[in-house]
Amino acid sequence: MLLRVRVTLPDRPGTLGQVARTMGVSGADIVQVVVLERLGGRAVDDFTVVWPGAARVERLLAGLAAIFGVRVDGVWRAIGAPTTSGQDAELLAQVAANPVEGVATLVDAVPGLLAADWAVAAVVPVDWASRTGAAGEATVGYASWRAPVPPPLPEVTPLRARAISMPGGHFAVAPFGRAGLVLAVVRECAGTPAAAAFHATEVDRLAQLVRAAAVILGDRLDLVGTPRVAANP
């Protein structure tokens, strides 16, 4: 199975090699490394690895913990193949090719791009987060196939993209900029070790996809969450 392993490590020669060797000795086959951040002598890297299903992840965690200065921020199962630079453009091309199903296409694809579990496009009032018990007032316009019913959503306002963590899950939320529509992507935190929270670069990537989709779809976004009228027989 594919695993995503997020590691914070000293940004100095040799440390990345130590991490890679430790993963190999533990049984992980590295298929992709993405640098999320380099700041103040530290780096945050996401490793996508092929992991033997019968092996215990604790062996990998123990090996990484033994490397001076290295911290494991999360280990979780990845859905689909490792991401490539052209996937975002391909997704937007699919949205443009079939705008009637554009939101559904975006919602279904985003979990795979961001190593998440599920996603929903929801319509929320501008003052949703300030209302007592208002979480149930969000209207789900479309949910990906793994989303629970009803999906648990954090209290947000549809004003800016950001990451939110709450018991049971990490969220990345991005607004479409009209009709109170937001896209929420979720990593569930069940099990040990747990998934990492969404990094700022991942939130930015989601926001860029949502903004581009909003330009492509335009007025069609106003119809999300509106019940479809069945055609007369």
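None of the values given here were measured: they were computed from a predicted structure.
Residues Leu36 and Arg6 are in side-chain contact: their nearest non-hydrogen atoms beyond the backbone lie under 4.5 Å apart. Side-chain contact between Asp46 and Val5 is absent, with no heavy-atom pair separated by less than 4.5 Å. You'll find the side chain of Ser165 stays beyond 4.5 Å of the side chain of Phe171, heavy atoms only. Phe47 is not listed as a side-chain neighbour of Arg4, based on a closest heavy-atom distance of 4.5 Å or more. Using a 4.5 Å heavy-atom threshold, the side chains of Asp45 and Glu37 count as separate. In this structure, the side chains of Val44 and Val35 stay at 4.5 Å or more apart for every pair of heavy atoms. By the 4.5 Å heavy-atom criterion applied to side chains, Phe176 and Leu106 are counted as neighbours. Between Leu113 and Arg205 the shortest side-chain heavy-atom distance falls below 4.5 Å.
A donor-acceptor contact shorter than 3.5 Å is absent between the side chain of Arg12 and the backbone of Arg42. No donor-acceptor pair closer than 3.5 Å links the side chain of Arg211 to the backbone N or O of Leu209. Put simply, the side chain of His170 never gets that close to the backbone of Ala163: no donor and acceptor are under 3.5 Å apart. Of the possible donor and acceptor atoms, one in the side chain of Glu202 sits under 3.5 Å from a partner among the backbone N and O of His199.
Looking only at atom types and distance, the side chain of Glu188 has no donor-acceptor partner in the side chain of Trp76 under 3.5 Å away. Residues Thr8 and Asp73 have side chains that bring a donor and an acceptor to within less than 3.5 angstrom of each other.
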Legend entry - Derivation and outcome, side chain to side chain contact (heavy atoms under 4.5 Å, CB included), residues Ile67 and Leu9: CA-CA 9 Å; Ile67 304 173; Leu9 66 158; over 6 Å; no

Inset, instruction - Apply salt bridge (Lys or Arg N to Asp or Glu O under 4.0 Å) to Asp11 and Arg38, showing your working. - result: CA-CA 7 Å; Asp11 189 14; Arg38 277 182 172 169; 3.7 Å; yes

Inset, instruction - With side chain to side chain contact (heavy atoms under 4.5 Å, CB included) as the test, would you mind laying out the steps for Val107 and Leu183 before giving the verdict? - result: CA-CA 8 Å; Val107 171; Leu183 180 58; 3.6 Å; yes

Inset, instruction - Would you sort out whether Leu61 and Val75 count as a side chain to side chain contact (heavy atoms under 4.5 Å, CB included), showing the intermediate values? - result: CA-CA 9 Å; Leu61 297 178; Val75 179; 3.7 Å; yes

Inset, instruction - Check the pair Arg77, Asp117 against salt bridge (Lys or Arg N to Asp or Glu O under 4.0 Å), reporting the backbone distance first and the verdict last. - result: CA-CA 9 Å; Arg77 188 164 185 170; Asp117 292 293; over 6 Å; no

Inset, instruction - Check step by step if side chain to side chain contact (heavy atoms under 4.5 Å, CB included) holds for Thr48 and Ile30. - result: CA-CA 6 Å; Thr48 302; Ile30 300 173; over 6 Å; no

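Taking all atoms of both residues into account, the shortest heavy-atom contact from Leu153 to Ala122 is CD1-CB, 4.0 Å. Residues Ala184 and Val173 approach most closely at CB-CG2, 4.3 Å, considering heavy atoms. Taking all atoms of both residues into account, the shortest heavy-atom contact from Trp118 to Pro148 is CE2-CD, 3.4 Å. Scanning all heavy atoms of the two residues, the minimum distance from Val140 to Pro151 falls at CG2-CG, 3.7 Å. Closest approach of Ile216 to Ala96, counting heavy atoms only: CG2-CA, 3.7 Å. Contact detail for Ala172 and Leu206: the closest heavy-atom pair is O-CD2, 3.6 Å.
To the nearest 0.5 angstrom, Gln94 atom CD is 10.5 Å from Asp108 atom CG. For the atom pair Cys189 SG and Met166 CE, the distance stands at 10.0 Å (nearest 0.5 Å). Distance CD/Glu101 to OH/Tyr142: 7.5 Å, rounded to 0.5 Å.
Geometrically, Arg187 engages Phe198 in a cation-pi contact, judged by NZ or CZ lying under 6.0 Å from the ring centre and within 45° of the ring axis.
Under a hydrophobic-cluster definition in which Ile, Leu, Val, Met, Phe, Trp and Tyr are linked whenever side-chain heavy atoms come within less than 4.5 Å, directly or via other members, Val72 and Met1 are assigned to the same cluster.
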